[in-house]
Amino acid sequence: MIGYLGSTKNLVGCLAGLAGVLLHVTGVVGAWWPAVVAALYAAGALLAPPEGVRLVPVDPVVEVGRLRSGLDELVRGVEARASRVPPPALEAVRRIAAVLGDLLDRPATLTADPELRHAVPRLARTDLPLSVQTYLNLPWWYAVRQRAGGTSPDAELLAQLELLEAEAHRLADRVYGADVDRQADHTRYLKDRDGG
């Protein structure tokens with residue numbers, strides 16, 4: 001109900017109903033003014049355009065806060081099970097979380113780029129947790145065992161984390177690339193200004 005009060009349909013209906021009240025005050029409609037006001041409100045509410053659908057979070061700061069707390073929780077969870085993961089995996093998770101944390105410090109940049117708006121949450125919420133969680137759900141004795149003719153789950157986890165870290169750095173290059181270009185432009189400007 002509260003959502004409807006601020007909706008476009010209600011506002012247009014109220015304006016049409018107000019027009020009915022003005023018609024009564026000016027003497028255009030007589031004793032039937034309540035029915036006219038109700039009819040104009042209903043017509044205005046029915047003819048008003050519907051509210052737009054919003055599938056993307058409205059507030060990027062809230063979304064960034066959720067992503068950051070999820071990343072922090074993931075790192076704490078992996079650190080709490082440090083004896084179960086290979087040391088290089090723990091360090092890789094920390095590095096990936098650090099890169100993603102730095103990207104989350106720029107919510108305006110993330111929301112302005114649709115690819116980043118999709119890729120950063122996918123990496124933070126799905127890919128990274130899935131890799132680590134799948135590994136941790138294996139019994140410890142199976143996780144360290146080399147499979148016949150294949151790689152061990154340890155090696156699979158490290159390979160996945162390497163791929164995820166490379167993706168995190170590609171995203172960082174996309175975010176910080178413009179800053180690096182501006183820095184290079186400024187260097188050229190300073191050299192040209194000083195004649196050197």
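When reading the values below, keep in mind they use all heavy atoms of this one structure, side chains included, and skip hydrogens, waters and symmetry mates.
Other residues, nucleotides and ligands place no more than 12 heavy atoms under 6.0 Å from the CD atom of Q183. Counting heavy atoms of neighbouring residues, nucleotides and ligands inside a 6.0 Å radius, atom CZ of R122 exceeds 12 of them.
Heavy atoms only, all atoms of each residue included: R94 and V75 are closest at CG-CG1, 4.3 Å. Nearest approach of V36 to G20, heavy atoms of both residues: CG1-CA, 4.4 Å. What you find for D113 and R174 is that their closest heavy atoms are OD2-NE, 2.6 Å. Across all their heavy atoms, R66 and S69 have their closest contact at O-OG, 3.0 Å. The nearest pair of heavy atoms linking G44 to A16 is CA-CB, 4.2 Å. Among all heavy-atom pairs drawn from L40 and A19, the shortest one is CD1-C, 4.4 Å.
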Apply side chain to side chain contact (heavy atoms under 4.5 Å, CB included) to L15 and Y41, showing your working. CA-CA 7 Å; L15 288 175; Y41 174 85; over 6 Å; no
Could you walk me through whether T109 and L103 satisfy the side chain to side chain contact (heavy atoms under 4.5 Å, CB included) test, starting with their C-alpha distance in whole Å, then the side-chain angles of each, then the deciding distance to 0.1 Å, before giving a yes or no? CA-CA 9 Å; T109 304; L103 294 177; over 6 Å; no
Between V99 and L171, does a side chain to side chain contact (heavy atoms under 4.5 Å, CB included) hold up when you go through it step by step? CA-CA 9 Å; V99 171; L171 296 174; over 6 Å; no
Evaluation steps, side chain to side chain contact (heavy atoms under 4.5 Å, CB included), between V132 and L136: CA-CA 6 Å; V132 177; L136 288 173; 3.7 Å; yes
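Looking at R182 and D179, a side-chain N of the basic residue comes within less than 4.0 Å of a carboxylate O on the acidic one, giving a salt bridge. Under 4.0 Å is where a charged nitrogen must lie from a carboxylate oxygen, and between R68 and D105 at least one such pair does. Using a 4.0 Å cut-off between charged side-chain N and carboxylate O, R117 and E63 make no salt bridge.
Atom CG in L123 sits 9.0 Å away from atom OG1 in T126 (nearest 0.5 Å). A distance of 11.0 Å separates CZ in R106 from CG in L116, rounded to the nearest 0.5 Å. For the atom pair CG of L74 and CD of E79, the computed distance is 9.5 Å after rounding to the nearest 0.5 Å.
Shown are L164, L67, L71; of these, the side chain to side chain contact (heavy atoms under 4.5 Å, CB included) with L100 is made only by L71. Paired with C14 under the rule side chain to side chain contact (heavy atoms under 4.5 Å, CB included), one option of L18, L11, N10 passes, and it is N10.
Here R95 pairs with E91, A92, E165 under the side chain to side chain contact (heavy atoms under 4.5 Å, CB included) rule; sequence neighbours left out.
A heavy-atom distance below 4.5 Å is not found between the side chains of L163 and Q160. Contact of the E156 side chain with the Y135 side chain is not registered, since no non-hydrogen atoms from C-beta on lie closer than 4.5 Å. The side-chain heavy atoms of L47 and V12, taken from C-beta on, include no pair separated by under 4.5 Å. Counting only heavy atoms from C-beta outward, the side chains of L128 and L161 approach each other to under 4.5 Å. Side chains of L158 and E162 form no contact here, defined as non-hydrogen atoms less than 4.5 Å apart.
Linking Ile, Leu, Val, Met, Phe, Trp and Tyr whenever their side-chain heavy atoms come within less than 4.5 Å puts V25 and V37 in one cluster. Hydrophobic clustering of Ile, Leu, Val, Met, Phe, Trp and Tyr side chains at less than 4.5 Å, counting indirect connections, unites V28 with V21.
Sequence neighbours left out, the pairs with a member in residues 7-38 that pass ring-ring contact (aromatic ring centres under 6.0 Å, His included) are H24-W33.
Checking side-chain atoms of T111 against main-chain N and O of A108 turns up a donor-acceptor pair under 3.5 Å. Between the side chain of R81 and the main chain of G77, a donor-acceptor pair closer than 3.5 Å is present.
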